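The structure displayed is predicted, hence computed values, not measured ones.
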Amino acid sequence: MKPFTDKAALRHAAEARLKKQNQTGSTQSEEDVRWLHHELEIHQIELEMQNDELRRAQMEINLGLESYTELFDFSPAGYFNLTADGTIRMANHTEI
């Protein structure tokens with residue numbers, strides 16, 4: 001199964017699958033519907049909590065990157081990042 005990267009395509013595929021399921025005559029009791037609704041609410045809250053955690057982690061990463069950039073780029077000493085064959089990949093912005 002291919003991953004869905006387009007939200008519209010994902011929605012269309014989900015609607016088609018639901019339509020197919022409904023055509024097979026699968027009926028759900030009121031209790032099943034309530035249970036499913038409850039499970040979906042729980043899953044939504046779990047996803048929101050995971051999203052909050054991912055946002056916090058992204059903020060920490062960005063702060064670390066900013067700190068590293070300031071330390072590396074604006075150091076009074078010259079720094080180079082070299083490849084294994086000695087080619088300069090990066091250099092800081094020091095003034096000599």
About how many Å separate CE of M90 and CG of D73, when rounded to the nearest 0.5 Å?
7.0 Å
Without swapping roles, check the side chain of N92 against the backbone of F80 for a donor-acceptor pair under 3.5 Å.
no
Quick check: does any side chain N or O of T69 sit under 3.5 Å from a backbone N or O of L65, one acting as donor and the other as acceptor?
yes
L40 with W35, same ILVMFWY side-chain cluster at under 4.5 Å
yes
Tell me whether Y79 is reachable from Y68 by hopping between hydrophobic residues (I, L, V, M, F, W, Y) whose side-chain heavy atoms are closer than 4.5 Å.
yes
Could you go through Q58 and L54, starting from their C-alpha distance and side-chain angles, then the distance that decides it, and tell me whether this counts as side chain to side chain contact (heavy atoms under 4.5 Å, CB included)?
CA-CA 6 Å; Q58 183 67 41; L54 288 172; over 6 Å; no
Does this structure show an ion pair linking E53 with R56, if we count only N-O contacts that are shorter than 4.0 Å?
yes
I'd like to check [X] versus [Y] (side-chain heavy atoms, cut-off strictly below 4.5 Å). Are they in contact?
| X | Y | result |
| --- | --- | --- |
| L82 | T87 | no |
| H93 | F72 | no |
| E30 | R34 | yes |

Give a yes or no on this: more than 12 heavy atoms of other residues, nucleotides or ligands lie within 6.0 Å of atom CD of E31.
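No - once you tally the heavy atoms of other residues, nucleotides and ligands closer than 6.0 Å, there are 12 at most.
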Looking at H43, M49, Q44, which hits side chain to side chain contact (heavy atoms under 4.5 Å, CB included) with L47?
H43
